[in-house]
Amino acid sequence: MAEALKDMYHLDFLTEFGEQVREVYASFDIKQFVQLTMAEDWDNLALKARTRRITESLGKCLPQSYPGAIEILLQVTDDCTHLAYLFFPDFVEVYGQDEAHWDLSMEALASFTSGSSAEFAVRAFILNNPDKMMAQMLSWASHQNEHVRRLASEGCRPRLPWGQALSIFKRDPALILPILELLKDDPSLYVRKSVANNLNDIAKDHPDLVVQIAARWQGASERTDWIIRHACRTLVRKCHPGAMALFNYLPSQDSSSIIAKAALQVNPQKVYIGETTDLEYSIEFNNDKPVHLRIEYGIDFVKAGNKISRKLFLLSDKTIAPHTKIKSKRRHNWKNLTTRRHYAGKHNIVLIINGYEAASAALQLEN
């Protein structure tokens with residue numbers, strides 16, 4: 001079994017980090033730091049709670065002057081480059097929000113983000129002072145360091161996974177858009193992925209706005225075209241008409257007219273959780289000219305309380321020639337995942353072409 005992320009914080013890690021700090025701050029009490037961190041319910045703490053515990057322990061063991069404490073962390077940050085050091089920017093979030101420390105905190109966040117990521121820490125500053133912090137993020141969008149430029153986008157994503165939701169930007173993403181404009185042709189794929197993910201977040205609340213942005217950006221460069229294609233992935237999966245038209249998909253309402261025959265078979269039709277099943281599908285088209293299609297299969301998963309939730313899985317996304325025939329197979333694994341737990345029951349499986357349900361079959365899942 002893979003090691004849980006929270007387990008990267010252990011006695012040896014904490015002790016070694018303490019030794020690094022003591023090299024620049026001779027009064028640092030490593031034993032006290034470790035005891036404070038691993039006290040009480042340490043084993044039961046999740047990743048973010050462990051990160052915060054380390055932050056609070058540092059707050060008790062470093063100088064009580066915030067500038068003094070930050071100066072020590074800045075001296076060791078070059079040797080602390082790993083996801084585990086998320087407590088560096090977290091320290092700024094917890095202790096550095098006083099207006100008097102603004103410049104120092106911004107300097108620290110920009111420095112620390114290269115070693116781990118400050119994308120979570122900046123969100124507290126955004127919530128406390130949206131206009132001022134977003135002005136800072138806009139400045140970071142022109143930074144020479146790709147990590148800082150990525151922070152400008154990633155930190156203000158409305159729906160950042162693991163991060164505090166930014167409801168203000170779910171309602172109105174206006175302050176985000178100038179940042180994304182600056183980064184839309186960034187040379188770093190690391191940054192461009194963040195821009196695309198930010199737009200994808202925005203699309204969940206403002207789909208038409210994202211389609212308008214994508215239409216305006218389309219053709220500006222290969223890098224920008226990559227961003228908008230990735231940014232509109234959720235809209236394409238949901239067959240949003242504007243997104244479908246933007247990428248030249250045949251409209252959903254027209255897809256049925258070019259399908260001469262479609263079939264879907266499931267083998268075996270009864271499986272146990274943890275087993276696999278083969279999905280065999282065939283489609284014959286009667287189109288007279290090339291058309292762009294997105295072919296998927298959807299599973300109506302049985303959830304707790306016998307609720308149903310559909311998830312789509314991509315089979316093909318391409319332009320097909322006239323009168324194409326497709327016959328293929330896909331194996332689906334029914335093992336439980338950290339992101340999806342399976343429940344026994346009848347699962348409907350659907351073959352979907354540009355949003356049109358062309359064929360279906362059923363599978364019985366057992367415990």
Side-chain angles (χ1 to χ4, degrees), residues 1-128 133 145 147-148 151 154-155 160-164:
M1 181 179 294
E3 182 183 65
L5 273 177
K6 71 174 188 176
D7 291 335
M8 62 187 175
Y9 296 133
H10 48 70
L11 177 61
D12 289 344
F13 171 85
L14 296 171
T15 302
E16 290 171 9
F17 171 69
E19 291 170 349
Q20 288 177 292
V21 174
R22 194 160 62 183
E23 287 182 8
V24 299
Y25 178 49
S27 300
F28 190 73
D29 189 333
I30 298 175
K31 183 177 180 181
Q32 180 192 24
F33 168 67
V34 172
Q35 288 178 340
L36 286 170
T37 301
M38 303 190 74
E40 301 174 0
D41 56 348
W42 172 256
D43 290 340
N44 297 323
L45 296 181
L47 174 63
K48 291 191 72 175
R50 287 191 175 192
T51 302
R52 180 56 56 86
R53 175 71 68 79
I54 296 171
T55 294
E56 293 170 345
S57 298
L58 282 172
K60 296 173 181 176
C61 296
L62 289 176
Q64 294 306 291
S65 160
Y66 174 71
I70 284 295
E71 176 60 30
I72 291 166
L73 293 180
L74 286 170
Q75 288 184 60
V76 299
T77 188
D78 287 345
D79 297 320
C80 300
T81 54
H82 186 272
L83 178 66
Y85 296 99
L86 283 170
F87 54 85
F88 277 60
D90 191 60
F91 189 93
V92 179
E93 176 184 346
V94 173
Y95 298 106
Q97 295 200 48
D98 191 299
E99 185 66 23
H101 301 315
W102 178 272
D103 291 339
L104 178 59
S105 291
M106 295 302 105
E107 175 191 349
L109 289 172
S111 177
F112 295 156
T113 200
S114 296
S116 53
S117 179
E119 65 199 64
F120 306 114
V122 296
R123 301 171 85 78
F125 288 88
I126 292 173
L127 291 170
N128 286 341
M133 190 61 206
N145 186 309
H147 295 276
V148 180
L151 175 62
E154 196 72 6
L160 179 67
W162 293 4
Q164 188 174 8

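If you're wondering where the values come from, they're calculated on a predicted model, not measured in any experiment.
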How long is the span from the CD atom in Glu23 to the CG atom in Asp79, to the nearest 0.5 Å? 8.0 Å
Ala108 and Ile70 have their tightest heavy-atom pair at CB-CG2, 4.1 Å
Does the side chain of Tyr66 come within less than 4.5 Å of Val92's, by heavy atoms? yes
Could you tell me which non-hydrogen atom of Arg123 sits nearest to which non-hydrogen atom of Gly163, and how far apart they are? NE-C, 4.1 Å
With side chains defined as the heavy atoms from C-beta onward, is the minimum distance between Leu58 and Phe87 less than 4.5 Å? yes
Just by modelled atom types, is the Glu93 backbone N or O under 3.5 Å from a matching donor or acceptor in the Gln97 side chain? yes
Checking side-chain contact (heavy atoms from CB on, under 4.5 Å) for the pair Leu45/Lys6: CA distance, chi angles, key distance, verdict? CA-CA 8 Å; Leu45 296 181; Lys6 71 174 188 176; over 6 Å; no
Partner residues of Glu99 under the salt bridge (charged side-chain N to carboxylate O under 4.0 Å, His left out) criterion, sequence neighbours left out: Lys132
What's the separation between atom CZ in Phe125 and atom CE in Met106, rounded to the nearest 0.5 Å? 4.5 Å
Checking side chain to side chain contact (heavy atoms under 4.5 Å, CB included) between Phe91 and each of Ile54, Thr55, Leu86, which is the one that passes? Thr55
Using the rule given for side-chain contact (heavy atoms from CB on, under 4.5 Å), can you reason through Arg52 versus Val94, listing the C-alpha separation, both sets of side-chain angles and the distance that settles it, and then say yes or no? CA-CA 9 Å; Arg52 180 56 56 86; Val94 173; 3.4 Å; yes
Here the pair of heavy atoms bringing Ala121 nearest to Pro89 is CB-O, 3.3 Å
Looking at side-chain heavy atoms only, is the closest gap between Thr15 and Phe33 below 4.5 Å? no
Search all heavy atoms of Leu83 against all heavy atoms of Ser116 and return the closest pair with its distance. O-CB, 4.3 Å
Quick one: pull up OG1 in Thr37 and CD in Gln32 and give me the separation to the nearest 0.5 Å. 9.5 Å
Quick check for you: to the nearest 0.5 Å, what is the distance between Asp90 atom CG and Tyr85 atom OH? 15.5 Å
If you define the side chain from C-beta out and look only at heavy atoms, does anything of Cys80 sit under 4.5 Å from Phe17? yes
Is Arg50 close to Met8 at the side-chain level, that is, under 4.5 Å between some pair of heavy atoms? no
Would you please name every residue forming a salt bridge (charged side-chain N to carboxylate O under 4.0 Å, His left out) with Glu56, sequence neighbours left out? none
With sequence neighbours left out, the residues meeting side-chain hydrogen bond (donor to acceptor under 3.5 Å, both in side chains) with Tyr95 are none
What one should report as the nearest heavy-atom pair of Val148 and Ala110 is CG2-O, 3.6 Å
If we only count heavy atoms from C-beta on, is the Leu47 to Trp162 side-chain gap below 4.5 Å? yes
Distance in Å, Phe28 CZ paired with Glu19 CD, rounded so as to fall on 0.5 Å steps: 10.5 Å
Any donor-acceptor pair under 3.5 Å from Glu16 side chain to Leu14 backbone: no
So, using side chain to side chain contact (heavy atoms under 4.5 Å, CB included) as the criterion, who are the partners of Asp78 when residues are at least two apart? none
Set of residues satisfying side-chain hydrogen bond (donor to acceptor under 3.5 Å, both in side chains) with respect to Thr113, sequence neighbours excluded: none
Quick one: does Leu74's side chain get under 4.5 Å of Glu107's, heavy atoms only? yes
Using modelled atom types only, decide if a donor and an acceptor are shared between the side chain of Tyr9 and the backbone of Thr51 within a distance under 3.5 Å. no
For the atom pair CD (Gln20) and CD1 (Ile30), what is the distance rounded to the nearest 0.5 Å? 10.0 Å
4.5 Å side-chain heavy-atom contact, Val122 and Glu154: no
Applying salt bridge (Lys or Arg N to Asp or Glu O under 4.0 Å), which residue pairs with at least one partner in residues 29-49 are found, sequence neighbours left out? Asp41-Arg53
Heavy-atom closest pair (Tyr25 atom, Cys61 atom, distance to 0.1 Å) is CE2-O, 3.6 Å
